[in-house]
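The block underneath contains the structure these notes are about, expressed in structure tokens.
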Amino acid sequence: MSPRSKHEYLEAIYLRYKRAGLKEKTAILNEFCSNCGYHRKHAIRVLNNFKRFTKPKPKRRGKPSKYNKPSILEPLKRIWLAANLPCSKRLKVILPLWLKSYAEEFGGLSLDVVKALLKISAPTIDRLLKPTRVKYRGRGRTTTKPGTLLRKQIPIKTNQWDETRPGFMEADTVAHCGESLLGDFAYTIDFVDIATGWTEQRAVWQKGEVGVVEQIKNMESNLPFPLLGFDCDNGSEFLNYHLVRHFAQRDKPVQFTRSRPYHKDDNAHAEQKNWTHVRQWLGYHRLDKPRVVPLMNDLYTKEWRLYHNFFLPSVKLLEKKLVAGKAIKRYDTPKTPYQRLLESLYVAASVKRALKEQFETLNSFQLRKAMDRKLKAIFAICYPKKL
């Protein structure tokens with residue numbers, strides 16, 4: 001019996017089986033197993049789960065959506081893609097920051113469209129982008145080798161510093177080793193301010209102490225606030241005398257602390273940025289050509305830091321409590337690091353003024369295009385045959 005014939009036969013006996021008594025059901029079941037060659041248990045499941053008719057999907061009640069229009073969907077999708085696929089709550093905050101750049105890049109939008117984009121809610125964004133998200137869907141390896149010499153000299157700190165004041169940074173390294181840790185390859189040093197989310201990234205060839213300290217000095221000089229505290233994991237690239245001297249031998253020493261061994265959550269801010277600011281862009285590819293390091297640093301020191309710090313918001317955890325065995329978390333409104341710096345009471349007015357002037361000169365879409373060009377050049381060196 002063909003599958004189609006079995007389905008037609010099932011449809012013919014289904015109602016009879018459903019309305020029958022115990023003895024009649026046994027007879028129908030025996031007949032069904034004999035004719036179709038089914039195991040008895042399988043036949044029972046087929047009959048119990050069979051649906052003769054599919055209930056039509058009810059039409060959505062109310063007025064048609066005023067946002068589901070090409071004039072609104074097109075800028076919404078373009079900004080979402082250029083901002084590296086943020087969630088709807090972050091995208092809602094991104095829209096006011098990116099509309100000026102969108103008008104410069106793709107032409108002006110009508111007043112009604114601008115008002116609609118500024119008024120649109122996060123759940124509405126989710127509904128509108130649901131068909132698009134489907135089209136855009138390896139774990140890495142850790143290279144943290146314990147540095148044992150200075151463990152007793154560098155204190156452990158798990159309850160971080162005053163998180164309302166900029167200047168207390170977490171640091172980590174990201175290995176661009178591909179599937180193997182053998183040989184030489186590039187690393188990215190990830191620098192994250194706990195209070196504002198301001199980030200700096202730099203590339204180094206391997207994890208030599210001198211090279212890492214040199215790039216940390218470069219990142220510190222580019223921060224819009226003084227460095228007050230430095231927290232890292234237990235990797236030997238950080239726990240060394242070069243870095244201890246760099247932070248200790250100054251008029252105002254920087255507080256140098258470390259996380260507990262094998263507790264990644266102690267460095268949660270840096271671990272999160274490792275994914276959003278490095279892995280989502282560079283992936284888990286192997287970058288094993290020394291000449292990619294200057295190209296990566298050219299990208300990191302120019303478009304990269306401006307794009308992430310001025311145009312991409314993030315949320316901060318305000319409260320976490322356990323209710324009936326379930327962790328309930330409460331977050332603040334998404335804001336960019338630039339916006340958090342402007343709101344900070346610890347940042348000088350001259351610094352805020354300089355940041356505002358710099359922000360007025362930036363175009364988020366042009367930054368994204370320049371980043372894509374430089375990323376393509378980096379991958380072309382390590383994977384010439386694939387491009």
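- With Asn309 contributing its side chain and Leu306 its backbone, the two residues share no donor-acceptor pair below 3.5 Å.
- Side chains of Asp172 and Cys232 form no contact here, defined as non-hydrogen atoms less than 4.5 Å apart.
- Judged as a side-chain contact (heavy atoms from CB on, under 4.5 Å), and not counting sequence neighbours, the contacts of Asn218 are Arg202, Gln215, Asn222, Thr301.
- Taking all atoms of both residues into account, the shortest heavy-atom contact from Leu342 to Lys352 is O-NZ, 3.1 Å.
- When every heavy atom of Pro224 is checked against every heavy atom of Leu341, the shortest pair comes out as CG-CD1, 3.6 Å.
- Inter-residue side-chain proximity for Phe230 and Ile216 is flagged as met; some heavy-atom pair is nearer than 4.5 Å.
- In this structure, Asn274 and Asp190 approach most closely via the heavy-atom pair OD1-OD2, 2.8 Å.
- The OG atom of Ser121 sits 7.0 Å away from the NZ atom of Lys92 when rounded to the nearest 0.5 Å.
- Relative ring orientation between Tyr383 and Phe379 is described as tilted, the plane-to-plane angle lying within the 30° to 60° band.
- Residue Phe256 forms a ring-ring contact (aromatic ring centres under 6.0 Å, His included) with just one option from Phe168, Tyr241, Phe247, Phe238, and that option is Phe247.
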- request: Please lay out, stage by stage, how Lys100 and Glu360 fare under the test side chain to side chain contact (heavy atoms under 4.5 Å, CB included).
  value: CA-CA 10 Å; Lys100 179 186 173 184; Glu360 292 298 323; 3.2 Å; yes
side-chain hydrogen bond (donor to acceptor under 3.5 Å, both in side chains) between Asn68 and Arg127, worked out: CA-CA 9 Å; Asn68 197 4; Arg127 284 195 297 271; over 6 Å; no
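- In this structure a side-chain-to-backbone donor-acceptor pair under 3.5 Å is missing from Glu303 to Leu367.
- No side-chain N or O of Gln201 forms a donor-acceptor pair with one of His308 less than 3.5 Å apart.
- For the residue pair Arg368 / Asn84, no side-chain donor-acceptor distance below 3.5 Å is found, with atom types taken as modelled.
- For the residue pair Thr188 and Tyr300, a side-chain donor N or O sits within less than 3.5 Å of a side-chain acceptor on the partner.
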- request: Would you check, one step at a time, whether the test side-chain hydrogen bond (donor to acceptor under 3.5 Å, both in side chains) holds for Glu220 with His246?
  value: CA-CA 11 Å; Glu220 185 180 351; His246 171 64; 3.1 Å; yes
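- Under a hydrophobic clustering in which Ile, Leu, Val, Met, Phe, Trp and Tyr are joined whenever their side-chain heavy atoms come within less than 4.5 Å, directly or via other members, Val93 and Trp80 fall into different clusters.
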query: Could you go step by step and tell me if Glu8 and Arg4 meet the salt bridge (charged side-chain N to carboxylate O under 4.0 Å, His left out) rule?
result: CA-CA 6 Å; Glu8 291 173 351; Arg4 183 173 179 178; 3.7 Å; yes
Verdict with supporting geometry, Phe365 and Trp98, ring pair (Phe, Tyr, Trp, His ring centres under 6.0 Å): CA-CA 8 Å; Phe365 285 94; Trp98 286 58; 5.4 Å; yes
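- A salt bridge does not link Glu319 with Lys329: none of the charged nitrogens is closer than 4.0 Å to a carboxylate oxygen.
- Shown here for Thr196 and Pro166, the closest heavy-atom pair between the two residues is CG2-CG, 3.8 Å.
- Follow the hydrophobic side-chain contacts under 4.5 Å out from Leu243 and you reach Met219 in the same cluster.
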field: Working for salt bridge (charged side-chain N to carboxylate O under 4.0 Å, His left out), residues Asp298 and Lys302
entry: CA-CA 6 Å; Asp298 178 66; Lys302 294 177 181 176; 2.8 Å; yes
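- Between Arg133 and Asp126 the shortest side-chain heavy-atom distance falls below 4.5 Å.
- Hydrophobic clustering (ILVMFWY, side-chain heavy atoms < 4.5 Å, transitive): Val46 and Leu15 are in one cluster.
- Checked against a 6.0 Å centroid threshold, the rings of Tyr14 and Tyr9 do not count as neighbours.
- The NE2 atom of His285 sits 8.0 Å away from the CG atom of Leu287 when rounded to the nearest 0.5 Å.
- In terms of heavy atoms, Cys33 sits closest to Arg40 at SG-CA, 3.8 Å.
- In this structure, Arg286 is not positioned above the aromatic face of Phe185 in the sense of NZ or CZ being under 6.0 Å from the six-membered ring centre and within 45° of the axis.
- Shown here is Arg250, whose CZ atom has more than 12 heavy atoms of other residues, nucleotides or ligands within 6.0 Å.
- The distance from the CZ atom of Arg19 to the CD1 atom of Ile28 is 11.5 Å, given to the nearest 0.5 Å.
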- request: Apply salt bridge (charged side-chain N to carboxylate O under 4.0 Å, His left out) to the pair Asp193 and Arg165, showing each step before the final yes or no.
  value: CA-CA 9 Å; Asp193 179 54; Arg165 183 170 185 174; over 6 Å; no
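- Clustering ILVMFWY residues whenever any of their side-chain heavy atoms sit less than 4.5 angstrom apart, transitively, puts Ile94 in the very cluster that holds Leu117.
- A chain of hydrophobic side-chain contacts below 4.5 Å, direct or via other Ile, Leu, Val, Met, Phe, Trp or Tyr residues, connects Leu375 to Leu81.
- No donor-acceptor pair closer than 3.5 Å links the side chain of Lys207 to the backbone N or O of Val212.
- Atom CG of residue Leu47 and atom CD1 of residue Ile44 lie 8.5 Å apart, to the nearest 0.5 angstrom.
- One finds a salt bridge joining Lys335 and Glu343 here, because a Lys/Arg side-chain nitrogen approaches an Asp/Glu carboxylate oxygen to under 4.0 Å.
- Partners of Ala348 according to the side-chain contact (heavy atoms from CB on, under 4.5 Å) rule, which considers only residues two or more places apart in sequence or in another chain, are Ser350, Val351.
- Side-chain N/O atoms of Ser101 and Gln366 include no donor and acceptor closer than 3.5 Å.
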- prompt: Going through the distances and angles, do Glu104 and Asn363 end up as a side-chain hydrogen bond (donor to acceptor under 3.5 Å, both in side chains)?
  reply: CA-CA 8 Å; Glu104 294 173 359; Asn363 183 303; 2.7 Å; yes
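- With a 6.0 Å radius and a threshold of 12 heavy atoms from other residues, nucleotides or ligands, Lys25 has its NZ atom above the threshold.
- The residue from Trp198, Phe359, Phe311, Tyr307 that alone fulfils the ring-ring contact (aromatic ring centres under 6.0 Å, His included) condition with Tyr338 is Phe359.
- Using cut-offs of 30° and 60° on the angle between ring planes, the pair Tyr102 and Phe106 is tilted.
- The closest donor-acceptor contact from the side chain of Asp332 to the backbone of Lys316 lies under 3.5 Å.
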- request: Apply the test salt bridge (charged side-chain N to carboxylate O under 4.0 Å, His left out) to residues Lys69 and Glu74: give CA-CA distance (whole Å), side-chain angles for both, the deciding distance (0.1 Å), then the verdict.
  value: CA-CA 8 Å; Lys69 301 174 183 176; Glu74 183 180 356; over 6 Å; no
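- Val254 and Leu227 make their closest contact through CG2-O, 3.5 Å (heavy atoms, listed as atom of the first residue, atom of the second, distance).
- Here the CD atom belonging to Glu31 is positioned 6.0 Å from the CZ atom belonging to Arg16, to the nearest 0.5 angstrom.
- Between atom SG of residue Cys36 and atom NE2 of residue His42 there is a gap of 9.0 Å, rounded to the nearest 0.5 Å.
- Using modelled atom types, no side-chain atom of Arg305 and backbone atom of Glu200 make a donor-acceptor pair closer than 3.5 Å.
- Side-chain N or O atoms of Glu170 include one that pairs as donor or acceptor with a backbone N or O of Ala270 at under 3.5 Å.
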